[in-house]
Amino acid sequence: MEQVYIVLRHREIPDIDQYETYVAHGGYEGLRVALEQAPDEVIELVKQSGLRGRGGAGFPAGVKWGFVPKDVFPKYLVCNFAEGEPGTFKDREIAEYNPHQLIEGIIIAAYAIQANTAYIYHRGEFTFAAQQLRRAIAAARAHGWLGEDIQGTGFTLNIYLHPEAGAYICGEETAQLSSIEGHLGQPRLKPPFPATHGLWQKPTVINNVETLTNLPMILRHGAEWYRQWGTERTPGTRVYCVSGHVVRPGNYELPASVTARELIFEHAGGIWKGHRLKAFIPGGMSAPLLTPEHLDVPLTYDDLAAAGSMGGSGGVIVLDDQTDIAWVIAKQVAFYKHESCGKCSPCREGTYWQKMLADRILSGQASRRDVELLKAVSDQMTNTCFCPLGEASRMVVQGAYKYFADELYQWVEERRRAVEPAAV
Ligand SMILES: Cc1cc2nc3c(=O)[nH]c(=O)nc-3n(C[C@H](O)[C@H](O)[C@H](O)COP(=O)(O)O)c2cc1C
C-alpha cells in the first residue's frame, strides 16, 4: 500500500503552514461547507464517515458529538495535544507542519457542537508547534475564520492555547479538564461524561489532534470518499508512528487496514542491523505486545483487539531479538510508577510494587517467586484502578508474560547463578 496523505499533507505540499498556500490547496473549504449546513448535518456527516478518535480509545467522533445536549450553554471544545503516550509522535508533526488543517478541524468541530470557546491543550515542550499554532490562529482570525460572526454566519469561536502541566495523566481527558480549570491534573469519575459535564461542568468535547485534522478533508470530499480507505469499522488512514529497532523509524500515514508486516518490513525498512523481530507493541506503550505470529494482523482497532492488544495511539514500537524482556518490563513499569498520579491506591501501590519487582528481576537478585509475585500484583490490579493508567500498567506486564514468561524464569535462574558466590 502507498502512503495516503490526508493529515500529513505537508509532505506533498511545501509551505502549507502558510495561510496563502493552505488556501490555494483547498484550505478552509471544508469549513465553508460546514458553515453552509446546520450543525446537526455536520454531525451526521462525520457519523457517516465513521471517523474514530485517534487519541487511544477509538470512539466514533460523530457519535461522541451527538451526546452533547443542545440546550445547555456555554459549551467547550478541547483539542488534546498532550501527546504523552510513549512511542507516539504524530500530533507534533501535524501541528508543526500542517497547523491550519488542525485549526480548521477545531473550528468545524466547535461549530458542530456549537461551542464558542476551544482550548488546545498542548505538550509544554512542543514550543515550535505552539508557535505555529499561534501563527495559524492569528491568520485565521485576520481572514474572518475565527472571532465573532465567522464569515457572517453569526457563529463565534475563540481558540486558546493551554500548555500542559508536564504529566502523562494530563493526557487523560478528565484529568485534562481539571488541569485546564487550574486544579491538579487528576482524573474524575465517569459518568457523568465530559459531553454533558465537562469543563466547569458544562458540555465539552475532547478530541485528539489527528482526529480533528481529518475533518476538513471529510467535509470537503464527503463520507464516501473517506471510506475508500481502511475497513468498514476503521475507515480512513491512520498515522502510525514507528520507533525502536527498525531501519527507518518515523510517521507513516497509511490506510488503517495495513498489516504490521507491511508497515514494519516495507515502509520502515525492516529490523535494523540484520536482526530478527522479537515483538512489537502496536498502539503506544500501553498496548500489550504482540509477536511475529501477529504480523499479518491489520492494524485496525477491532483486529488488534481480537489479537489481544489494542490500536491505542498508533505508536508501533519494534523490539529486535537482542532485547531482553526483563529490560522491557522494567522500562515500562518505571514509567507508570513515575506517572501514577497517586489518586487511587491500586495504581499508586500497584505501580510501585511492579517497579520494585521488575527492577529486582532485571538486576539478577530475584528468585522465581519474584517473577510469580510480579504477575500476581498485576493480576490484583485488574479492574481496580480509578482510570486507565493503572490498568495500562498491568496490561503491559500481562502481555509480556503471555508470550515471554519462560524467558523471565530463565533470566532469573541464569542471573542468580551469575551473582551467587561460587561454592567452596
Ligand atoms: C493515561 C492516559 C493518557 C492519555 N493521553 C492522551 C494523549 O496524550 N493524547 C490524546 O489525544 N489522548 C490521550 N488519552 C485519551 C484521552 O483520554 C481521550 O480518550 C482522547 O483525547 C479523546 O479524543 P479522541 O476521541 O479524538 O481519540 C489518554 C488516556 C489515558 C487514560
Side-chain angles (χ1 to χ4, degrees), residues 7 46-47 49-68 77-92 94-95 102 105-106 108-109 112-113 119-126 129 162-180 185-188 190 193-195 198 204-215 218 234 236 238-239 241 283-287 301 310-315 332 335-344 347 351 385-396:
V7 298
V46 174
K47 276 187 191 167
S49 76
L51 173 68
R52 292 176 69 165
R54 303 294 200 244
F59 196 81
V63 175
K64 190 193 296 195
W65 299 359
F67 295 146
V68 173
L77 181 86
V78 175
C79 167
N80 191 341
F81 183 21
E83 189 140 81
E85 183 65 36
T88 315
F89 37 85
K90 62 191 174 65
D91 296 344
R92 178 183 188 172
I94 293 169
L102 170 58
I106 291 173
I108 292 170
I113 63 162
Y119 293 96
I120 302 177
Y121 191 82
H122 71 89
R123 174 116 168 225
E125 293 93 334
F126 293 169
H162 190 301
E164 191 222 9
Y168 172 58
I169 192 60
C170 288
E172 193 279 334
E173 56 186 17
T174 60
Q176 190 159 110
L177 299 181
S178 297
S179 176
I180 294 174
Q186 288 190 322
R188 302 177 183 174
K190 291 191 281 190
F193 290 94
T204 303
V205 160
I206 301 147
N207 274 134
N208 167 262
V209 165
E210 185 187 346
T211 315
L212 293 163
T213 307
N214 272 289
L215 295 171
I218 293 174
T234 309
R238 282 204 76 180
V239 182
C241 324
M285 197 182 78
S286 299
Y301 297 102
M310 58 185 211
S313 64
Q332 290 178 308
F335 173 77
Y336 294 109
K337 195 243 160 222
H338 185 264
E339 296 297 335
S340 174
C341 78
K343 177 164 179 155
C344 74
C347 176
T351 54
C385 299
F386 188 85
C387 89
L389 188 150
E391 188 64 22
S393 83
R394 67 146 211 104
M395 276 190 336
V396 301

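These numbers come from a predicted model, not from an experiment. When a ligand or atom number is given, it counts from 1 through the structure's own listing order.
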Asks: Under 4.0 Å from a heavy atom of P388: which atoms of ligand 1 are those, numbered in the order shown and with their elements?
Replies: 31 (C)
Asks: How far apart are the C-alpha atoms of E210 and K90, what are their side-chain angles, what is the distance that settles it, and do they pass the salt bridge (charged side-chain N to carboxylate O under 4.0 Å, His left out) test?
Replies: CA-CA 8 Å; E210 185 187 346; K90 62 191 174 65; 3.1 Å; yes
Asks: By number and element, which atoms of ligand 1 are closer than 4.0 Å to a non-hydrogen atom of N207?
Replies: 23 (O), 24 (P), 25 (O), 26 (O)
Asks: Spell out, as yes or no, whether a donor-acceptor pair under 3.5 Å connects the side chain of E339 to the backbone of Y168.
Replies: yes
Asks: Which residue supplies the protein heavy atom nearest to atom 9 (N) of ligand 1, what is that atom called, and how far is it?
Replies: N80 OD1, 3.3 Å
Asks: Identify which of T174, V209, N208, V78 has a heavy atom lying nearest to atom 11 (O) of ligand 1.
Replies: N208
Asks: Ignoring angles and geometry beyond distance, decide whether E83 reaches within less than 3.5 Å of ligand 1 through its nitrogen or oxygen atoms.
Replies: yes
Asks: Please verify whether a non-hydrogen atom of R52 lies at under 4.0 Å from ligand 1.
Replies: no
Asks: Among G171, G312, A175, which one has a heavy atom closest to atom 14 (N) of ligand 1?
Replies: G171
Asks: Provide the number and element of each atom of ligand 1 under 4.0 Å from a heavy atom of R54.
Replies: 26 (O), 27 (O)
Asks: Using a strict 4.0 Å cut-off to heavy atoms of A82, name the atoms of ligand 1 that fall inside it.
Replies: 8 (O)
Asks: Give the residue and atom name of whichever protein heavy atom lies nearest to atom 3 (C) of ligand 1, and the separation in Å to one decimal.
Replies: E172 N, 3.6 Å
Asks: Mind checking what makes salt bridge (Lys or Arg N to Asp or Glu O under 4.0 Å) contact with E172, not counting sequence neighbours?
Replies: K190
Asks: What atoms of ligand 1 come closer than 4.0 angstrom to any heavy atom of I206?
Replies: 21 (O), 22 (C), 23 (O)
Asks: Please answer whether the main-chain N or O of E83 pairs with a side-chain N or O of R123 as donor and acceptor at a distance below 3.5 Å.
Replies: yes
Asks: Y301: which residues meet the side chain to side chain donor-acceptor pair (under 3.5 Å) condition with it, sequence neighbours left out?
Replies: none
Asks: Okay, side chain of K64, backbone of V205: is any donor-acceptor separation there less than 3.5 Å?
Replies: no
Asks: With a 4.0 Å heavy-atom cut-off (strictly under), which part of T211 contacts ligand 1: side chain, backbone, both or neither?
Replies: side chain
Asks: In terms of the angle between their ring planes, are Y119 and H162 parallel, tilted or perpendicular, with boundaries placed at 30° and 60°?
Replies: perpendicular
Asks: I want to know if ligand 1 touches G55 in the polar sense, i.e. an N/O pair below 3.5 angstrom.
Replies: yes
Asks: Determine, using heavy atoms of G84 and all atoms of ligand 1, whether some pair is separated by less than 4.0 Å.
Replies: yes
Asks: Would you check if there is a donor-acceptor pair between the side chains of Q186 and S178 at a distance under 3.5 Å?
Replies: no
Asks: Are any of the N/O atoms on E173, whether in the backbone or the side chain, positioned under 3.5 angstrom from an N/O atom of ligand 1?
Replies: yes
